[in-house]
Amino acid sequence: MAAIAYALVLSGLALAAVWLAVLIVPLQPVSAAGQTVRVGAAPLDWSLSGPGQLDLFGQTIPTRAHFDGPIRPRLELTRIGGDAEVARLLRSGDHERLTLEVGRKLASGWLRYGAWETAVAAGLVLLPLAAWTGLRRMPPGRTVLVLVGGLALVTAVNAIGFYLLASSTPQALRDVRSLQDLVGDSPPDPVPRAEGPPLGDVRAVALGDSTAAGTGNRPLPDPSDLDRACDRSADSYPQALARANDWSVLNLACSGATVRDGILGVQILGEQVAPPQIAQAQRAAEASVVLVSVGANDVRWSDLVQLCAISPSCDDRASTAYFQDRLARFALDYRRLLRMLATLPQHPTVVVNEYYDPFGADVSCLEDEGLTREKAEVLSSRLAALNAVLRQGAETAGFTPVKQNFEGHRLCSAQPYVQGPADRAPLHPTAAGSLAIALADQKALPVDANAN
């Protein structure tokens with residue numbers, strides 16, 4: 001009986017050591033295709049197969065591919081940028097070698113992680129066993145026997161979980177040509193270059209949605225049909241920056257734009273068709289600043305606010321799951337946008353604006369709209385989650401995230417920077433709000449970017 005009890009305790013210790021090792025062993029960095037990814041294992045799942053895990057800007061996205069075994073890969077993107085080797089291979093047309101390089105390095109990182117995890121698991125078993133044999137004052141021979149038995153058992157448990165049940169994982173990773181292969185949802189076609197002459201006098205380009213367009217404020221003088229369709233304003237924050245710095249600014253932002261439909265792809269606006277903003281931006285080949293406001297339309301922020309207003313509560317499981325799904329989809333599209341911005345030949349300063357929180361402590365002016373303090377707090381938390389994705393993505397790409405703070409000037413305040421329910425574009429910035437965004441961006445720009 002004592003031998004059985006000892007074996008059970010030792011087995012439990014081995015399983016606990018493997019579980020803890022998976023949690024504490026650092027992910028292994030690998031660099032390929034212009035990005036750095038850390039490779040390791042997702043938290044243990046005791047089922048025999050299932051998806052792996054991609055950590056993208058703080059969002060956990062299950063992989064489309066399923067992996068065998070309870071120990072499955074976890075990949076975390078830590079850097080997006082240009083890569084000299086990638087550029088050389090693309091110029092040479094050697095795309096096959098490039099795609100093979102990605103999978104090979106991922107597999108190498110997984111095996112390196114496995115070696116570290118095995119060593120740490122062994123150490124986690126040996127330490128308590130060594131302490132136990134010391135307290136029991138066991139003779140040297142028996143001590144060695146206990147330690148070797150514990151080491152053999154944890155190695156066997158780890159070998160079964162990592163090397164036997166997950167034996168197909170290295171080959172599955174070698175078959176990966178990009179992170180997109182792991183999560184599915186193939187990217188749209190490459191963005192075509194925009195037709196038209198170069199815009200050599202443009203100093204800054206604004207990409208994004210109605211926040212950057214200035215929707216609801218004073219219209220542009222002599223607006224084009226597309227300006228009207230996009231609700232672009234003379235009081236937008238890109239226009240405020242243009243006036244402050246005496247810049248020529250190309251504001252391509254458009255109400256309703258998302259990463260896919262507006263920035264990387266065309267946007268249908270009734271009878272008007274807005275070409276991809278990123279394609280138009282390429283005409284401004286000498287622009288030193290690119291301003292980005294994107295994400296609210298991607299997560300259907302307006303729909304979430306309306307749903308929250310008419311629902312008894314805003315944090316029900318259905319709306320929370322919907323938001324998380326939209327946010328994960330946005331993280332993938334946002335990554336593609338960041339990679340394209342990183343490859344702009346002029347290497348501009350890229351400013352990514354986070355969204356201001358429109359809700360303050362006082363929401364009395366919104367009660368007739370169905371929004372209470374509790375509902376506003378839920379919406380604010382979701383906006384904070386979106387801002388976390390924007391911030392982490394920008395930092396990963398080496399860009400500048402800018403936090404917007406409307407404290408003291410939120411909805412229901414004496415001088416709100418946010419348009420209210422009765423205004424033309426509720427929850428959008430007023431002219432004063434756009435100016436506040438412009439001032440925050442101005443402060444974040446490097447000195448050489450501010451120079452005329």
Side-chain angles (χ1 to χ4, degrees), residues 1-30 37-55 60 62-63 65-76 78 103-176 182:
M1 292 295 294
I4 295 176
Y6 172 73
L8 290 175
V9 170
L10 201 57
S11 298
L13 182 61
L15 288 171
V18 171
W19 172 79
L20 185 57
V22 168
L23 291 181
I24 66 175
V25 172
L27 279 65
Q28 301 299 301
V30 299
V37 180
R38 295 198 303 163
V39 182
L44 286 181
D45 184 332
W46 298 110
S47 60
L48 293 181
S49 69
Q53 178 178 310
L54 172 64
D55 292 347
T60 299
T63 62
H66 277 223
F67 298 90
D68 295 330
I71 304 178
R72 300 167 199 149
R74 172 188 171 195
L75 308 176
E76 182 181 278
T78 62
R104 186 183 66 80
K105 289 192 174 182
L106 290 178
S108 174
W110 168 257
L111 294 174
R112 190 164 68 248
Y113 173 87
W116 274 105
E117 187 270 336
T118 301
V120 170
L124 290 172
V125 164
L126 290 178
L127 284 175
L129 287 180
W132 180 66
T133 56
L135 290 173
R136 296 290 299 271
R137 299 184 181 276
M138 289 185 180
R142 190 175 178 188
T143 297
V144 171
L145 185 63
V146 169
L147 294 180
V148 170
L151 182 61
L153 185 57
V154 73
T155 302
V157 169
N158 204 70
I160 292 172
F162 199 94
Y163 298 103
L164 180 61
L165 295 179
S167 61
S168 62
T169 296
Q171 185 56 51
L173 290 174
R174 290 188 189 97
D175 292 337
V176 172
L182 287 171

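Just so we're clear, the structure is a prediction, and the values are computed from it rather than from any experiment.
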Closest non-hydrogen atom pair between Leu111 and Pro170, with its separation: CD2-CG, 3.9 Å

For the student: nearest non-hydrogen atoms of Ala42 and Arg74, plus distance: N-CB, 3.4 Å

Distance, nearest 0.5 Å, that separates CG of Asn158 from CG of Leu164: 11.5 Å

Distance, nearest 0.5 Å, that separates CG of Leu54 from CG of Leu75: 6.0 Å

Check: Leu151 and Val125 side chains under 4.5 Å, non-hydrogen atoms: no

Where Ala121 and Ala17 come nearest, the two heavy atoms and their spacing: O-CB, 3.6 Å

With sequence neighbours excluded, residues passing ring-ring contact (aromatic ring centres under 6.0 Å, His included) with Tyr113: none

Minimum-distance pair of heavy atoms, taken over all atoms of Pro128 and Leu124: CD-O, 2.9 Å

Side chain proximity check, Ser47 to Arg72, heavy atoms < 4.5 angstrom: yes

Leu23 side chain near Trp19 side chain, heavy-atom distance below 4.5 Å: yes

All side chain to side chain contact (heavy atoms under 4.5 Å, CB included) counterparts of Leu135, not counting sequence neighbours: none

Taking every non-hydrogen atom, the tightest pair across Glu76 and Leu27: CB-CD2, 4.1 Å

N/O donor-acceptor pair under 3.5 Å between Ser108 side chain and Lys105 backbone: no

All side chain to side chain contact (heavy atoms under 4.5 Å, CB included) counterparts of Thr169, not counting sequence neighbours: Phe67, Pro73, Trp110, Ala166, Leu173

Heavy-atom pair with the smallest gap, counting every atom of Gln53 and Pro43: OE1-CD, 3.8 Å

CD1-CD1 distance between Ile71 and Ile160, expressed to the nearest 0.5 angstrom: 10.5 Å

Pairwise distance CG(Asp175) to CG(Leu106) - rounded to 0.5 angstrom: 11.0 Å

